[in-house]
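Note sheet for the following structure.
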Amino acid sequence: MSWSDVTKDPIDPGAVLARVGRPGDGAVAFFAGVVRDENEGRPVSGMEYEGYDEMARDELAGIVAEAAGRAGTQRIAAVHRLGRLAVGEVSVAIAVSAPHRAEAFAAARYIIEEIKKRLPVWKREHYLDREAEWLEGSLPVERGNRGA
Amino acid sequence: MSWSDVTKDPIDPGAVLARVGRPGDGAVAFFAGVVRDENEGRPVSGMEYEGYDEMARDELAGIVAEAAGRAGTQRIAAVHRLGRLAVGEVSVAIAVSAPHRAEAFAAARYIIEEIKKRLPVWKREHYLDREAEWLEGSLPVERGNRGA
Amino acid sequence: MTETNSGPVDVTVLLFAAHRELVGGARDTIVSLPERATVDTLLARLRARGGGWSQLPRRAAVAVNRRYAGGDTVLAEGDEVALIPPVAGG
Amino acid sequence: MTETNSGPVDVTVLLFAAHRELVGGARDTIVSLPERATVDTLLARLRARGGGWSQLPRRAAVAVNRRYAGGDTVLAEGDEVALIPPVAGG
């Protein structure tokens, strides 16, 4: 069964990878987002992730379920980190196993793209040379009313 | 620097992942091919990979260099296994880190597609219920003469 | 959630990130609204408070009870209404 | 590799996987060819040996000294010529 989480605990890529795979799967795709040491030429010291935790958890589970439906695999694991992260720390990790590679790649890619569009998470970049600031993001498109 | 190998030793995905990444890279993409327990409905007991070792090593290094040029990253690791593999064992693993996710995904995908087109490796599938056989593959397209 | 069919409704408003800082740092605030008020009514009320509140975007993404919802969504007693600034996860 | 400009040339032929089994299991075989023989000349000679050899594909992918090479590639003394069955890595 698929698994997802939004957490303040550090992410271990190996543990995320270990959640997928079964004897009928020939392909494993994995993606990790990592805090960079610079952004548009400015030296970065770290990143602070704020989330609407309860909704982010539901939304991530929804994104994973959509990817599972499209790819025809239930072997998906996705986790997003919150809190203050240092350069080089993993902010998001996604693992998918599937019988063949096209579905595995497509599902991993779908999940990271939807996270960037919809997951209620915000990041404040901390710089070496000036005050921290919230990064510009994407306005989520409404996906049906509350009853939908 | 990029790294590649063709080997009879078991592949450790974590060790391949650990070969990429640097502080300026925000994205890590990874792919692993795994021996499946069935193929077109036939139960499979394992896979035997034969390679033209010396050429395969050169060809994989060439594929990785091409991917590095396209993606603009030197943080690539790729390894292909030879010999007899059990179901669930990793036959190929590819890790790429890059500043952004599009290049990382594209490079990982390019490498596995080119491996399947060009790497001088053959596989003989072993079945539970009948004799092993060589799987059909793709005829490599000649890429320039020997002096090219 | 069942709507009460008489009198005002109280909803909990949640603010995050840049929005939260705009109004001075509180994540939750309770707002009383007339019966059958919509998300858009709520946003207009919040902006009318003046100060940092007036700088909240005129149209924002909103989640009602943790699902994205349109401006014409009618609010009910006890709803959790979150203003969602442009998201930047990953 | 420098070509010798007189007499026959000896090349090492490598066979793999299904090709290797077709001719009875030896990976390497030395073949003597006339001066300026090409890859296609070599393939024709091998097929002419009869038995399993005659079942080698008429046109196969070939690598000369570990690089893919065309049928009109001229062979030189000491070249390593590999017949490459359709590949199936990954």
Side-chain angles (χ1 to χ4, degrees), chain A residues 11-18 20-47 75 85-102 104-113 115-116 123 125 135, chain B residues 11-18 20-47 75 85-102 104-113 115-116 123 125 135:
Chain A
I11 295 172
D12 172 2
V16 177
L17 264 175
V20 304
R22 65 157 193 193
D25 286 344
V28 180
F30 173 84
F31 176 79
V34 181
V35 178
R36 304 173 64 204
D37 67 354
E38 64 96 24
N39 189 5
E40 292 172 6
R42 288 196 214 132
V44 167
S45 60
M47 194 78 89
R75 280 81 61 202
L85 278 69
V87 167
E89 281 195 273
V90 174
S91 55
V92 59
I94 299 158
V96 180
S97 76
H100 303 288
R101 68 191 183 284
F105 271 110
R109 191 70 195 263
Y110 178 80
I111 292 168
I112 184 64
E113 299 302 330
I115 282 174
K116 291 190 173 265
K123 57 190 168 197
E125 203 161 57
L135 293 191
Chain B
I11 294 172
D12 172 2
V16 177
L17 264 175
V20 304
R22 65 154 194 197
D25 286 345
V28 180
F30 173 84
F31 175 80
V34 181
V35 177
R36 305 173 64 205
D37 67 355
E38 64 96 24
N39 190 5
E40 292 170 6
R42 289 197 213 129
V44 168
S45 61
M47 193 77 87
R75 279 81 60 201
L85 276 70
V87 168
E89 282 196 271
V90 174
S91 56
V92 59
I94 298 158
V96 180
S97 76
H100 303 288
R101 67 190 182 284
F105 271 110
R109 191 72 193 263
Y110 178 81
I111 292 168
I112 184 63
E113 299 303 329
I115 282 173
K116 290 190 173 267
K123 56 190 170 198
E125 203 160 57
L135 293 190

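Quick note: numbers below take in every heavy atom, side chains included, and nothing from hydrogens, waters or symmetry partners.
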Excluding sequence neighbours, so at least two apart, what forms side-chain hydrogen bond (donor to acceptor under 3.5 Å, both in side chains) with A:Arg42? A:Tyr127

Under a 4.5 Å heavy-atom cutoff, which of B:Gly88, B:Gly24, B:Pro99 has the most pairs with chain A? B:Gly24

Nearest non-hydrogen partners of [X] and [Y], listed with the distance:
| X | Y | value |
| --- | --- | --- |
| A:Glu125 | A:Asn39 | OE1-ND2, 3.0 Å |
| B:Val87 | B:Val44 | CG2-O, 3.5 Å |
| A:Val90 | A:Pro13 | CG2-CG, 4.2 Å |

Could you tell me which portion of B:Ala104 (side chain, backbone, both or neither) has an atom closer than 4.5 angstrom to a non-hydrogen atom of chain A?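 When you check distances to chain A, no heavy atom of B:Ala104 falls under 4.5 Å.
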
Heavy-atom side-chain proximity of B:Leu17 to A:Leu17 below 4.5 angstrom: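 Yes, their side chains come closer than 4.5 Å.
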
Quick one: does B:Met47's side chain get under 4.5 Å of B:Glu89's, heavy atoms only? no

If contact means a heavy atom pair closer than 4.5 Å, which residues of residues 26-36 of chain B contact chain A?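 Hits under 4.5 Å: B:Gly26, B:Ala27, B:Val28, B:Ala29, B:Phe30, B:Phe31, B:Ala32, B:Gly33, B:Val34, B:Val35, B:Arg36.
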
Taking atom CD1 of B:Ile94 and atom CZ of B:Arg109, what is their separation to the nearest 0.5 Å? 10.5 Å

Rounded to the nearest 0.5 Å, what separation is found between the CD1 atom of A:Ile112 and the CZ atom of B:Arg101? 6.0 Å

Residue A:Ala102 versus chain B: region with a heavy atom under 4.5 Å: both

Taking side chain as everything from C-beta outward and backbone as N, CA, C, O, which of these in A:Ala93 sits under 4.5 Å from a heavy atom of chain B? Side chain, backbone, both or neither.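 Contact with chain B involves no heavy atom of A:Ala93 at all.
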
